[in-house]
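Take a look at the structure below.
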Amino acid sequence: MPQNKINCLVRDLAPSFNCSIKQEEPDEPINLELAEKQHRDYVGLLRSLCCHVEIIDYDSMCPDCCFIEDAIMSFDDTLVICNPGASSRKPEIEAVEIFVKNKYPNRTIHKIKSPGYLDGGDVLFTGGDIFVGSSKRTNAYAITQLRSIFKNRYNVYSIPVEALHLKSVISHLNEKILIVSACDLGKSVQQQIEKSTPNKYEFVFVPDRTASNILSINDNIVIQDRFPNSEIIFQELANKYGLTIHKLNMSEFIKADGALTCCSVFIR
Ligand code: CIR
């Protein structure tokens, strides 16, 4: 049966990408040509998985702009423009806001306002709950704003996290199954989630932190290549639920602390 296309936003890679923010300097510098190829492969895979991909131009003054997940979030019919926690990333918002207002005039669009700041990488929307990492990039003012946007619709839970983002250690396979890094931080996030919501989730632990961030599109999962121990777990999940696995090598994005969810936003 033909499936309806899912709208998906990505942002082109800036030529200044090697100046992106990094928690630690990588052993090898970012190879821009390779990063461009990896980004093309990422977009190509999304297209092949039934996504209608809209590409927003890069801004060379914004080296991190390809990480569009931190600039805009989508929940059902509602879009929320973020206010990134890092000052060098705040200028990313303008072009994204203009684009979505033009493209989706019928959607409700909210905006996180200062003194609130929030990166979309901290927001895990399961379909039933909204979990928000309280990190260096997301503060309590922003979480309060999200609560008021979604009052009477979704509960918004704050989850303190000692990583760049909440989704550095957790992502969702579907409304009931969450993929979590087996590191201490992942376990602590799992416990906090279990304590906070009456909704029940199954947690699937993977040994590699980077591998815990996946994309789930219909019956497909997109995982990071080069993490064989985690891949075994994904293979078991795929067998159990009839999923098809697609692997992407995102080595150059990992150097800039990016993963898989951060380079796209799904507008369903
Ligand atoms: C940053 O530090 O903001 C970027 N270099 C990486 C952002 C990755 N975003 C994400 O995983 N949502």
Side-chain angles (χ1 to χ4, degrees), residues 8-26 28-32 35 38-39 42 46 56 58-75 79-93 96 112 117-125 130-139 142-143 146 159 161-172 178-181 183 185-186 189 206 208-216 222-224 227 248 250-266:
C8 172
L9 278 185
V10 304
R11 191 151 188 194
D12 251 341
L13 193 66
S16 53
F17 179 55
N18 44 12
C19 300
S20 48
I21 308 172
K22 297 166 197 74
Q23 302 298 296
E24 279 173 23
E25 262 326 294
E28 295 283 326
I30 288 175
N31 175 333
L32 190 59
Q38 292 175 348
H39 199 256
Y42 181 93
L46 290 184
I56 305 180
Y58 66 75
D59 177 347
S60 12
M61 302 303 283
C62 297
D64 284 292
C65 67
C66 62
F67 299 123
I68 190 166
E69 170 182 70
D70 297 322
I72 174 148
M73 304 180 287
S74 172
F75 308 81
L79 300 174
V80 181
I81 313 271
C82 305
N83 183 9
S87 53
S88 70
R89 299 201 57 191
K90 293 193 189 287
E92 292 174 23
I93 295 309
V96 174
I112 299 295
Y117 55 82
L118 174 146
D119 281 7
D122 269 319
V123 179
L124 178 71
F125 176 47
I130 300 175
F131 299 106
V132 189
S134 155
S135 70
K136 290 203 176 80
R137 297 287 182 88
T138 296
N139 69 3
I143 298 176
L146 267 189
I159 309 286
V161 68
E162 294 288 328
L164 174 61
H165 290 131
L166 179 66
K167 282 190 279 188
S168 308
V169 292
I170 190 165
S171 60
H172 86 295
L178 303 179
I179 310 294
V180 199
S181 163
C183 65
L185 184 53
V189 163
V206 292
D208 306 287
R209 190 195 274 213
T210 306
S212 66
N213 183 280
I214 66 159
L215 286 175
S216 177
V222 184
I223 64 169
Q224 295 263 2
F227 295 94
L248 282 177
M250 299 293 279
S251 62
E252 303 317 289
F253 294 82
I254 294 171
K255 288 176 185 173
D257 307 306
L260 286 167
T261 60
C262 56
C263 293
S264 53
V265 172
F266 291 87

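One-based numbering, in listed order, for ligands and for the atoms of each.
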message: Please list the nearest protein heavy atom to atom 11 (O) of ligand 1 with its residue and the distance rounded to 0.1 Å.
response: C262 CB, 3.3 Å
- prompt: At what distance is the nearest protein heavy atom to atom 2 (O) of ligand 1, and which residue and atom is it?
  reply: R137 NH2, 3.0 Å
task: Answer yes or no: is there an ion pair linking E92 with R11, defined by an N-O contact shorter than 4.0 Å?
output: no
- line: heavy-atom search around atom 4 (C) of ligand 1 in the protein gives D64 OD1, 3.1 Å
- request: Record the part of R89 in heavy-atom contact with ligand 1 below 4.0 Å; permitted values are side chain, backbone, both and neither.
  value: side chain
message: Give me the residue, atom name and distance of the protein heavy atom closest to atom 6 (C) of ligand 1.
response: A256 O, 3.2 Å
Reference residue Q224; test side-chain contact (heavy atoms from CB on, under 4.5 Å); the match among I254, L248, N213: I254
query: Taking atom types as modelled, is there a side-chain donor on S16 or Y58 under 3.5 Å from an acceptor on the other?
result: no
statement: If you scan protein heavy atoms around atom 12 (N) of ligand 1, the nearest is E69 OE1, 2.6 Å
message: What protein heavy atom lies closest to atom 8 (C) of ligand 1? Include the residue and the distance to one decimal.
response: D257 O, 3.5 Å
Main-chain N/O of D70 paired with D119 side-chain donor or acceptor, under 3.5 Å: no
query: Checking D208 side chain against T210 main chain: does a donor-acceptor pair fall under 3.5 Å?
result: no
- line: re atom 9 (N) of ligand 1, the protein heavy-atom contact at minimum distance is D70 OD2, 2.8 Å
query: So, does K22 use its side chain to make a donor-acceptor pair with the main chain of D257 at under 3.5 Å?
result: no
